[in-house]
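So you know, we letter chains A, B, ... as the sequences are listed, proteins then strands, and number each from 1.
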Amino acid sequence: MEKELFTFIAGGTAGAGIRKAGAVAGYIFTQMGRRVFEMEDYQSLIKGGHNFAVVSSATYPIQSHYMKADLVVATDKRSYDMHKDHLTSGGIMVYNSDAMKDQQIPNGVGVAFTTISRKYTNSELRLGVGAIAALAAAIGMSKDELTEVIKSQYRDAENNVNFAMEIYDAVAPQLYAKFALKKSDAKHLPMISGSEAISMGAVAGGLDFFFAYPMTPASPLLHYLAGHAKDFNIGVMHPESEIAAINMAIGAASMGLKTMVSSSGGGMALMEEAFSLSGMAEVPVLAILGSRPGPSTGVPTYTEQGDLRFALNQGHGEFPRIVASPYSMEEAFYLAAEMLNMVQQFQTVGTLLTEKHLIESRMNVDIDVEKTQWAQPVMYTGGDEKYLRYKLTEDGISPLMFPPSEQVVKFTSYEHDEYGLSTESPEMIAKMHEKRARKEEALIEKLKQMHTVNVFGETGPLIFTYGSTTMSVLEALRCGNIQARVVQPIYLEPFPVWEFEQFKEESPIVVEQSVMGTFETLIKDKTNIKAKASIRKYDGRPFDPEELAQSIKEVL
Amino acid sequence: MADDLTTYEENTWCPGCGNFGIFNAFKNAVKRLEMEDGISRQNILITAGIGCHAKIFDYLDLSGFYSLHGREIATAQGMKLANPQATIVAFAGDGDAFGEGIEHLIFAAKRNADMTVIIHDNGVYGLTTGQFTPTSPEGFKGPSTPFGSPEEPINPLKLMLVTGATFVARGFSGRLKELTDVFVQAMKHKGFSFVDVLQPCVSFNDTYKLYNSKVELLSQPAANVDEAMRLTEQTEKLPIGVFYQAEAPVYHENLLGNWNPTVQRATRQQRLQSIKSLLEKA
Ligand SMILES: Cc1ncc(C[n+]2csc(CCOP(=O)(O)OP(=O)(O)O)c2C)c(N)n1
Ligand code: SF4
Ligand SMILES: [Mg+2]
């Protein structure tokens with residue numbers, strides 16, 4: 001029988017090409033018309049340690065990886081130890097026999113990965129190619145098909161092909177066509193990571209200049225945008241610190257550029273003073289916050305949703321802020337453009353809150369680039385005797401003009417009059433506060449016209465969640481055959497309370513990756529809806545759908 | 001003081017403050033640049049930190065950004081990158097640029113950001129009532145160091161020379177003509193220009209007498225960095241004028257080539273097209 005769901009795990013040390021193998025496996029499944037979700041688990045080190053890529057695929061739009069694999073290729077002993085209990089029934093372990101001398105491995109296929117790879121230069125780096133060769137044999141690909149894949153996906157094709165053929169021949173007698181995967185004629189969808197989705201979405205929305213200082217797991221945005229700056233015709237700068245990054249971004253935005261920054265919690269904390277500056281100076285900037293387990297340096301390369309409260313409260317003082325969190329790569333793409341527009345329209349700071357799980361995982365997306373928003377601020381069109389940067393208007397939004405210009409344009413961090421000069425006048429202080437408060441009102445009115453909350457499913461118990469955890473929940477419901485309604489606020493600040501009226505009488509299950517249940521607390525504070533049960537995970541790892549399905553069933 | 005470069009903001013500097021000299025010299029410099037070099041005031045954009053010095057932002061009727069304490073040089077670099085055609089000047093305090101935000105000063109010099117930094121170097125945190133700063137002498141008594149500062153001061157010009165600034169000068173707020181000259185040259189210099197202005201603070205650090213007796217105009221810039229370094233070590237006399245000037249590639253051109261992000265922005269359709277083709281390959 002052809003398999004619907006198939007999970008492949010490749011494991012090895014950092015520097016063994018494991019992450020690349022995950023991406024190539026994704027490519028192979030995509031070519032079969034299958035939908036893929038790939039999660040990379042790696043440590044904060046450059047060589048050694050343990051990396052693995054989990055690639056799950058199916059013919060339906062799969063939304064999570066599964067931790068139980070049909071095929072594990074363990075290129076070192078540590079990978080074997082780690083994943084030996086991660087096999088489905090009928091699952092097969094391909095292990096490195098050089099690393100596991102004299103051991104009897106049930107359901108195992110031993111390959112002398114190390115010995116064979118030593119025949120080639122950069123032998124270590126090739127182990128990932130070996131994992132791909134084993135996968136190809138196991139799912140019944142021919143050697144020609146495998147050769148094509150390697151040629152299209154790897155550099156140094158000749159050596160890699162030769163190495164792959166040796167591995168293929170070594171495993172084929174035991175492994176060939178052990179798995180027959182269901183194929184489909186569905187169109188091949190591109191497979192991208194969340195960081196690519198956010199980057200492309202922002203560019204589509206009008207991003208002109210990106211400033212960022214490296215910090216895992218937000219760095220992939222910096223790397224991607226820097227790598228494609230010329231393709232997109234945008235500027236990308238890596239300055240001396242996060243503080244420099246955001247102040248430069250705000251400076252550039254005061255000249256009319258659409259700017260963006262990104263970091264993880266620590267870097268975002270350093271940016272906080274400038275968030276408040278954006279609020280006062282009314283200069284738009286979009287920040288991407290990629291969460292990892294905190295507090296403090298925490299666990300750099302893993303995932304968590306512990307920054308929710310922090311994200312909602314970025315910046316001292318009172319001013320409108322916008323915070324939203326996408327649930328999937330597709331939503332991240334559109335939301336990045338939409339958020340860029342929102343910060344431009346309301347001339348303030350916005351945070352796109354997301355997690356390592358979204359930023360670094362990869363999945364297929366069906367994106368229509370024409371559906372993205374285009375960021376457009378309200379521009380000054382003349383009419384006043386003198387341009388007033390902070391003109392008091394009904395909705396609090398003062399039309400923009402950018403220097404160099406005939407008229408003087410003064411942006412400032414101080415409380416100011418309409419022209420932009422510092423003031424200590426009690427009347428003016430109050431008026432400017434009220435102006436910014438009116439902007440908040442206008443922002444809420446705008447959100448009421450927008451799609452701010454996703455509701456999946458029509459019947460059954462109610463589950464509240466947000467961010468990429470939503471994908472885990474949806475996949476859990478599918479694999480656990482559970483009928484439920486899943487509610488996910490995309491916008492978290494201002495919180496779309498009006499959308500929660502309909503759930504006022506209900507008690508949801510709240511699922512989040514947090515130990516203290518910040519999301520659950522937020523829901524209760526904002527809507528007075530109390531959870532009947534909480535499912536929380538805080539070990540740095542994303543939910544496994546099967547385990548999550550089990551947890552949901554227990555509290556239903 | 002009403003003139004077309006001055007706003008309606010009430011001036012609140014203490015009478016006799018050195019900031020007036022900087023303010024007047026700067027306005028003169030702007031007028032000279034307009035007349036002699038065809039640089040219009042609309043194209044001169046300013047930023048300022050937070051402190052007494054920074055009030056100059058409110059008094060000058062020029063466009064720009066009144067930034068945060070220590071961040072004015074970062075804000076300024078963002079503005080320059082956005083539109084390299086603009087002439088950018090950051091007004092900074094000694095507390096601002098040598099304390100809170102020293103990394104931006106060092107990096108702007110290191111990357112030869114094409115901008116001018118003017119330090120109102122009064123050796124105190126003026127606005128916060130006279131605490132010692134990185135340029136206050138050892139033993140300086142202020143509210144946070146009632147028994148005298150236990151630290152040696154830094155030598156700002158030396159720091160800038162070591163860091164790679166391509167225009168390093170010192171001015172004195174009491175010598176208007178020389179200060180104007182230095183400002184004009186600094187703003188015309190292509191690359192990172194640093195002007196440390198000796199600025200007496202009559203309320204917390206009155207250095208008029210000292211500077212009036214010691215300041216001496218340099219006849220010409222040093223021929224090389226080593227010689228300039230030696231000039232910065234002089235204490236008997238305090239040289240003012242341009243210590244060092246050199247030509248070097250500027251940051252925005254190294255990063256962006258001739259591309260101007262404001263003027264040559266990609267259209268929406270161009271963006272969507274490039275994303276589509278990347279997605280096709282993904
Ligand atoms: C982040 C931050 N820290 C502290 C302050 C308080 N503060 C305002 S001005 C100033 C010192 C200013 O000294 P300096 O830069 O030398 O300027 P001066 O007043 O002497 O011109 C300080 C510490 C602030 N505004 N922001
Ligand atoms: S405190 Fe000093 S620096 Fe500030 S205005 Fe008065 S004299 Fe000038
Ligand atoms: Mg000072």
Handout entry: Derivation and outcome, side chain to side chain contact (heavy atoms under 4.5 Å, CB included), residues B:E100 and B:R71
Key = CA-CA 8 Å; B:E100 186 85 53; B:R71 311 302 165 201; 3.5 Å; yes
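- Within the 4.5 angstrom heavy-atom criterion, atoms from both the backbone and the side chain of B:L81 approach chain A.
- With chain A as the partner, the residue from B:G101, B:P261, B:G64 showing the most heavy-atom pairs under 4.5 Å is B:G64.
- Contact check on B:D61 versus B:R41 returns no salt bridge, with no Lys/Arg side-chain nitrogen under 4.0 Å from an Asp/Glu carboxylate oxygen.
- With a 4.5 angstrom heavy-atom cutoff, B:R111 touches chain A only via side-chain atoms.
- Residue contact with chain A, scored on non-hydrogen atoms closer than 4.5 Å, involves the backbone and the side chain of B:F57 alike.
- Contact check on A:K371 versus A:E330 returns no salt bridge, with no Lys/Arg side-chain nitrogen under 4.0 Å from an Asp/Glu carboxylate oxygen.
- When each of B:S63, B:S40, B:A82 is checked for heavy-atom pairs under 4.5 Å with chain A, B:S63 comes out on top.
- Options B:I46, B:T267, B:L62, B:T262 differ in how many heavy-atom pairs under 4.5 Å they form with chain A, and the most are formed by B:L62.
- When the candidates B:A48, B:A266, B:S277 are compared by the number of heavy-atom contacts under 4.5 Å with chain A, B:A266 comes out ahead.
- In this structure, the portion of A:F211 lying under 4.5 Å from any heavy atom of chain B is its side chain and not its backbone.
- A salt bridge links B:K276 and A:E370; the closest N-O separation between the charged side-chain nitrogens and carboxylate oxygens is under 4.0 Å.
- Contact of A:L421 with chain B is made through backbone and side chain together, with heavy-atom distances under 4.5 Å.
- Looking at A:N364, there are no atoms closer than 4.5 Å to chain B (heavy atoms on both sides), in backbone or side chain.
- Under the 4.0 Å criterion applied to side-chain N and carboxylate O atoms, B:K190 and B:E253 are assigned as salt-bridge partners.
- Under a 3.5 Å cut-off, the side chain of A:E196 and the backbone N or O of A:S193 do form a donor-acceptor pair.
- For A:F232, the parts sitting under 4.5 Å from any heavy atom of chain B are the backbone and the side chain alike.
- Options A:H416, A:H188, A:M237 differ in how many heavy-atom pairs under 4.5 Å they form with chain B, and the most are formed by A:M237.
- With a 4.5 Å cut-off on non-hydrogen atoms, B:L45 touches chain A through its side chain but not through its backbone.
- With ring centers used as reference points, B:F192 lies 6.0 Å or more from B:Y251.
- If you tally non-hydrogen atom pairs under 4.5 Å between each of A:S241, A:G235, A:G256, A:G206 and chain B, the highest count goes to A:G206.
- Proximity to chain B (any heavy atom under 4.5 Å) is shown, for A:A249, by neither the backbone nor the side chain.
- Only the side chain of A:H228 comes within contact range of chain B, judged by heavy atoms closer than 4.5 Å.
- Ring planes of B:Y125 and B:H69: perpendicular class, angle over 60° (limits at 30 and 60°).
- At a 4.5 Å heavy-atom cutoff, A:S276 makes no contact with chain B through either its backbone or its side chain.
- Within 6.0 Å of the NZ atom in B:K110, the count of heavy atoms belonging to other residues, nucleotides or ligands does not exceed 12.
- Between the side chains of B:T133 and B:D94, a donor-acceptor pair is found at a separation under 3.5 Å.
- Only the side chain of A:F333 has a heavy atom closer than 4.5 Å to any heavy atom of chain B.
- A donor-acceptor pair is defined here as one N or O able to donate and one able to accept, closer than 3.5 Å; no such pair exists between the side chain of A:Y213 and the backbone of A:A244.
- The choice from B:R265, B:Q77, B:Q270 that makes the most heavy-atom pairs within less than 4.5 Å of chain A is B:R265.
- With a threshold of 4.5 angstrom between heavy atoms, A:V283 approaches chain B through side-chain atoms but not through N, CA, C or O.
- For B:I106, no part sits under 4.5 Å from any heavy atom of chain A, backbone or side chain.
- For the set A:I192, A:T372, A:D231, A:T30, the count of heavy-atom pairs under 4.5 angstrom toward chain B peaks at A:T372.
- Both tests do not hold together for A:K230 against B:W259: distance to the six-membered ring centre under 6.0 Å, angle to the ring axis within 45°.
- The contact between B:L279 and chain A is made by backbone and side chain atoms together, counting heavy-atom distances below 4.5 Å.
- By number of non-hydrogen pairs under 4.5 angstrom with chain B, the leading residue of A:E240, A:R389, A:M255, A:M248 is A:E240.
- Between B:H53 and B:F91, the distance separating the two ring centers is not shorter than 6.0 angstrom.
- Under a 4.0 Å N-O distance rule, the pair A:E418/A:K386 does not qualify as a salt bridge.
- Within the 4.5 angstrom heavy-atom criterion, no atom of B:I73 approaches chain A.
- For B:D96 (side chain) and B:G70 (main-chain N/O), a donor-acceptor pair under 3.5 Å exists by modelled atom type.
- For B:Q264, the part lying under 4.5 angstrom from a heavy atom of chain A is the backbone only.
- When B:I50, B:T47, B:N43, B:I275 are compared by the number of non-hydrogen pairs under 4.5 Å with chain A, B:I275 comes out ahead.
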Practice task
Would you sort out whether B:F183 and B:I118 count as a side chain to side chain contact (heavy atoms under 4.5 Å, CB included), showing the intermediate values?
Solution key: CA-CA 8 Å; B:F183 285 167; B:I118 294 174; 3.6 Å; yes
